[in-house]
Visitor: 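My questions all concern the structure below.
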Amino acid sequence: MRPMIHILVGAVVVSLVAAVGVHAETPTAAHFAACNSDAQAATRAGTATPTTKDFLRVEASNPQLVGMAPEGVTDAAYQATYRTRMRRNGF
């Protein structure tokens with residue numbers, strides 16, 4: 001019974017370490033560029049779907065907007081797409 005407990009505890013520890021490691025990454029210039037590119041394309045195509053909160057966020061500071069291109073700062077649709085892409089990348 002004791003070896004089984006050690007195996008289970010070890011599995012839990014490994015899972016926790018892996019989960020923490022996934023979220024420890026810092027966005028890079030490449031992440032910002034990809035998110036800006038997607039946001040620009042979605043805004044031009046009219047496929048971005050901003051919510052009421054997106055319009056409110058245009059007026060406020062938001063950490064998920066770090067790295068955003070200047071033309072997107074006042075555009076709720078652009079911000080919605082940019083933030084969605086950042087979340088998909090784990091940020």
Side-chain angles (χ1 to χ4, degrees):
M1 185 68 167
R2 194 169 234 158
M4 185 60 127
I5 291 173
H6 288 277
I7 290 171
L8 290 174
V9 169
V12 169
V13 169
V14 168
S15 297
L16 289 174
V17 169
V20 170
V22 169
H23 296 289
E25 187 178 352
T26 302
T28 64
H31 291 114
F32 297 142
C35 292
N36 279 308
S37 177
D38 285 355
Q40 289 168 353
T43 301
R44 284 189 202 117
T47 58
T49 53
T51 65
T52 302
K53 286 185 178 183
D54 292 316
F55 289 100
L56 295 173
R57 286 184 187 118
V58 168
E59 303 298 323
S61 176
N62 186 326
Q64 274 188 328
L65 303 182
V66 172
M68 180 182 288
E71 67 265 17
V73 173
T74 58
D75 186 333
Y78 188 104
Q79 285 189 17
T81 305
Y82 184 88
R83 274 194 332 281
T84 299
R85 176 68 187 258
M86 289 294 279
R87 279 193 304 269
R88 285 184 190 156
N89 286 325
F91 306 111

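Just so we're clear, the structure is a prediction, and the values are computed from it rather than from any experiment. Each residue takes its place number in the sequence, starting with 1.
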Visitor: Under 3.5 Å, side chain of T84 to main-chain N/O of A80, donor-acceptor pair present?
Guide: yes

Visitor: Any sub-3.5 Å donor-acceptor pair from Y82's side-chain atoms to V66's backbone N or O?
Guide: yes

Visitor: Closest heavy-atom contact between T74 and Q79?
Guide: N-NE2, 4.4 Å

Visitor: If you look at every heavy atom in T43 and A77, which pair is closest and at what distance?
Guide: OG1-C, 4.2 Å

Visitor: Within the 4.5 Å heavy-atom criterion, are N36 and Y78 side-chain neighbours or not?
Guide: yes

Visitor: Closer than 3.5 angstrom, by distance alone: can the side chain of N89 be matched with the main-chain N or O of F32 as a donor-acceptor pair?
Guide: no

